[in-house]
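Just so we're on the same page: letters track the sequence lines, and every chain starts at 1. Since this is a predicted model, take the numbers as computed values, not measurements.
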There are 2 protein chains.
Amino acid sequence: MDKKPTIKTIAQLAGVSHVAVSRALRGCSDISAETTKRIRKIAEEVGYSPNANARNLSSKRSSSIGMIVPSLDETSAYNALFNQISVSAAKRNYCVMLGSSHRNVQLEEQHCRMMVENGVGALIVSPCTSDVSHIKNICYGHVPVLYVGGKTDPNETCALFCDYYYSAVQAVEYLYSLGHKNIAFFAYAPANLTIRQKEKGFTDCMKTHNLKPRVYLCGDASNTIEAGIDITKKLILRKELPTAIWCASDLMAVGVIQTLRKNGFLVPEDVSVMGHDDLYFDIFPGICLTTLHTPFSEIGTAAADLAIDLTEKKATEDSLRQVFRTSLVERNTVAPPKNYNS
Amino acid sequence: MDKKPTIKTIAQLAGVSHVAVSRALRGCSDISAETTKRIRKIAEEVGYSPNANARNLSSKRSSSIGMIVPSLDETSAYNALFNQISVSAAKRNYCVMLGSSHRNVQLEEQHCRMMVENGVGALIVSPCTSDVSHIKNICYGHVPVLYVGGKTDPNETCALFCDYYYSAVQAVEYLYSLGHKNIAFFAYAPANLTIRQKEKGFTDCMKTHNLKPRVYLCGDASNTIEAGIDITKKLILRKELPTAIWCASDLMAVGVIQTLRKNGFLVPEDVSVMGHDDLYFDIFPGICLTTLHTPFSEIGTAAADLAIDLTEKKATEDSLRQVFRTSLVERNTVAPPKNYNS
DNA sequence: CGCATTTACTTTCACGTTAAAGTATATAAT
DNA sequence: ATTATATACTTTAACGTGAAAGTAAATGCG
């Protein structure tokens with residue numbers, strides 16, 4: 001196990017100074033084509049691999065970005081986001097440090113501190129609380145932070161948002177266009193900012209059509225599927241089922257559909273059900289959910305590019321805040337209401 | 001935005017040499033308690049954060065490990081693995097660089113190269129092919145690599161395995177103990193090494209009980225749920241349903257159960273269905289799957305600890321290869337066969 | 001009291017790289 | 001022929017830290 005070769009190793013073999021090697025490998029024009037070729041050949045032969053620690057230290061640049069997420073379990077959207085960030089960062093030759101905070105502020109802070117120590121050029125954070133002062137204390141003035149995800153303060157200067165008010169409007173307009181008048185909105189975790197935006201959009205849009213906005217919130221289920229099941233059961237008992245239900249999440253919609261079907265209601269014939277996120281397209285057998293697609297790929301690409309632009313100090317003022325919109329994906333859990341002739 | 005403070009900044013303020021600061025912050029005993037306290041106070045006040053690039057360069061250590069996985073989508077086990085690795089690494093003050101190869105060897109190689117350049121102390125790789133020569137070319141002799149996951153060559157010297165032969169035995173023994181004689185094994189992707197291990201375990205164990213090992217493989221479905229559905233449909237048509245089915249993955253079991261129920265069969269009363277992995281416990285409403293739990297947390301913890309031990313050159317010879325076993329999780333998709341009196 | 005040891009530092013150098021400035025030679029312009 | 005310029009390098013210093021060696025003062029000990 002011989003020592004890792006450095007530019008000095010190559011310099012010696014090539015009979016030039018180590019700086020000539022450094023510049024040749026970086027393709028600087030003041031090294032002759034011939035010398036560059038020779039140096040590159042030797043570098044290849046000895047299996048040279050640059051030392052980013054030294055490079056970053058000397059050049060005051062960085063070749064990595066960090067990302068901190070609340071979790072990466074199978075029901076979270078951060079997987080999709082990270083997947084894209086990883087790919088986009090690799091395209092620009094950046095590594096990504098990832099930390100999972102498990103919704104623990106102390107751990108989130110530790111990840112942030114470690115990543116800053118390790119020299120990330122920028123940080124993409126999906127904070128686990130709206131208060132991000134612990135992150136700002138560490139990063140302010142030193143490492144740019146880009147916020148993504150539901151808990152982000154809407155006033156944050158550098159952040160990527162998804163317009164959930166608009167997605168509510170999309171959902172209502174679509175269902176209304178099919179003839180639905182009796183539309184309900186099901187949501188979980190009422191304290192969540194994104195849920196409140198959806199609720200506001202839903203209520204406002206229903207009112208513009210002179211329809212009664214029926215909002216059902218469930219705050220005490222153990223997960224969002226359960227919440228969907230709970231609310232649906234209640235409405236079935238009370239015989240208050242609407243003709244269409246828009247759920248704040250796909251998993252909730254799955255719970256709703258299962259419960260409806262189990263109780264003899266046909267989806268979409270009796271009740272239309274619509275989701276939000278488009279994350280579990282082919283996981284649930286028999287459910288091909290009509291939903292609103294959140295553009296995770298686009299958001300991930302934008303996040304990686306913005307983070308790297310911030311690292312390289314070439315982010316433009318108007319790229320600092322970007323708003324994304326969901327798009328309608330028509331599959332087969334929504335249909336016009338019964339007895340409706342369009 | 002003032003310059004980031006370094007140990008030299010602190011040294012000047014404290015009126016000591018920068019080395020005294022370095023040693024005080026690291027708690028070396030040759031700096032007096034009084035001076036250490038004073039230095040730490042100043043460090044706190046100026047918001048000092050150590051520069052790991054410089055530290056690693058000077059001390060030839062590393063404060064990060066890397067992980068490369070094929071993907072992080074909602075149906076993969078790598079999420080669970082990474083979550084634990086992230087937590088375990090944080091406990092020892094290590095950052096984790098994560099790269100998603102999307103099952104692309106070139107991208108996997110690029111991630112590997114970038115991480116090595118960025119100075120990871122060790123690499124945890126779930127390779128996307130059994131041939132890992134591209135990784136060895138980059139890492140051999142410089143960065144230790146720890147292999148995890150299904151594609152790993154069983155002869156690899158540094159690797160964490162799960163004993164899938166044993167999990168097959170566990171499944172068969174359990175079903176047999178309940179009285180099942182007509183047991184089938186359903187699997188997807190027959191080329192996969194882990195599947196072959198399960199198949200071998202299943203076949204061998206069935207034979208020891210003088211039972212006919214019924215193996216059903218499906219290689220052309222678009223995902224594992226589909227595969228479960230396909231095989232089940234075929235068996236229902238042919239009226240060849242066994243009394244118990246062990247599926248190579250939980251998702252497959254979900255597809256099987258849905259199909260059975262849709263066709264009027266009760267699970268577990270008519271047919272018992274068992275899975276493998278224990279990943280989707282509360283996602284599928286109405287399915288509380290009896291399965292074999294893969295100890296992702298333990299594997300993740302072991303992987304992080306081993307990778308860091310390798311980084312710090314204190315891994316013991318016998319920690320290099322570790323084998324983990326699944327454990328039975330009895331929920332409610334398995335019951336004794338009909339007409340069986342135990 | 002004088003010498004060894006301990007305490008609490010400081011000085012110097014190295015890690016691998018890049019930035020910046022310097023230099024020798026060849027070529028071009030006047 | 002002289003001077004300017006371009007080419008192709010080299011030399012020096014710096015990035016922030018830590019290892020190793022050095023040192024001055026205080027303390028211990030016979």
Examine the side chains of [X] and [Y] and answer whether a donor and an acceptor come within less than 3.5 Å of each other.
{"X": "S63(B)", "Y": "N118(A)", "result": "yes"}
{"X": "D131(A)", "Y": "T129(A)", "result": "no"}
{"X": "S22(B)", "Y": "R26(B)", "result": "yes"}
{"X": "T301(A)", "Y": "Q84(A)", "result": "yes"}

Looking only at heavy atoms, which two atoms of G121(B) and T311(B) are closest? And how far apart?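 Where G121(B) meets T311(B) most closely, the heavy atoms are C-OG1, 3.2 Å.
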Between the main-chain N or O of [Y] and the side-chain N or O of [X], is there a donor-acceptor pair closer than 3.5 Å?
{"X": "T35(A)", "Y": "I31(A)", "result": "no"}
{"X": "R325(A)", "Y": "D163(A)", "result": "no"}
{"X": "R38(A)", "Y": "A14(A)", "result": "yes"}
{"X": "H111(A)", "Y": "S100(A)", "result": "yes"}

[X] has an atom [atom1]; how far is it from atom [atom2] of [N], in whole Å?
{"X": "R23(B)", "N": "dT11(C)", "atom1": "CZ", "atom2": "P", "answer": "15 Å"}
{"X": "E117(B)", "N": "dT18(C)", "atom1": "CD", "atom2": "P", "answer": "11 Å"}
{"X": "K8(B)", "N": "dA14(D)", "atom1": "NZ", "atom2": "P", "answer": "9 Å"}
{"X": "L25(B)", "N": "dC9(C)", "atom1": "CG", "atom2": "P", "answer": "13 Å"}
{"X": "R55(A)", "N": "dT18(C)", "atom1": "CZ", "atom2": "C1'", "answer": "11 Å"}
{"X": "N56(B)", "N": "dG16(D)", "atom1": "CG", "atom2": "C1'", "answer": "11 Å"}
{"X": "I10(B)", "N": "dG18(D)", "atom1": "CD1", "atom2": "P", "answer": "11 Å"}
{"X": "K60(B)", "N": "dA19(D)", "atom1": "NZ", "atom2": "P", "answer": "11 Å"}

For DNA chain D, what residues of residues 26-41 of chain A have any heavy atom nearer than 4.0 Å?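 Close to the strand are D30(A), S32(A), T35(A).
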Among [options], the nucleotide that comes nearest once only the side chain of [X] is considered:
{"X": "P50(B)", "options": "dA20(C), dT17(D), dG16(D)", "answer": "dT17(D)"}
{"X": "V19(B)", "options": "dC15(D), dT17(D), dA20(D)", "answer": "dA20(D)"}
{"X": "A54(A)", "options": "dT11(D), dG16(D), dT17(C)", "answer": "dT17(C)"}
{"X": "V16(B)", "options": "dA14(C), dT10(C), dT18(C)", "answer": "dT10(C)"}

Between S22(A) and dT18(C), is there a side-chain N or O to OP1/OP2 distance below 4.0 Å?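 Indeed, a polar side-chain atom of S22(A) lies that close.
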Below the 4.0 Å mark, does dA19(D) have OP1 or OP2 next to a side-chain nitrogen or oxygen of R61(B)?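 For dA19(D), OP1/OP2 do have a side-chain N/O of R61(B) under 4.0 Å.
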Just how large is the angle between the end axes of the helix from dC1(C)-dG30(D) to dT30(C)-dA1(D), five pairs per end, to 10 degrees?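 Rounded to the nearest 10 degrees, the bend comes out at 50°.
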When only distance counts, do a donor and an acceptor, one from the side chain of H18(A) and one from the base of dT10(D), lie under 3.5 Å apart?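 Flag unset: no donor-acceptor pair detected.
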If you take atom types as modelled and just measure distance, does the side chain of S59(A) reach the base of dT18(C) with a donor-acceptor pair under 3.5 Å?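 Absent.
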E312(B), CD: over 12 other non-hydrogen atoms inside 6.0 angstrom: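 Yes, because the 6.0 Å sphere around CD of E312(B) holds more than 12 heavy atoms from other groups.
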Contact class for S17(A) (heavy atom, under 4.0 Å): base, sugar-phosphate, or nothing?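 Base contact.
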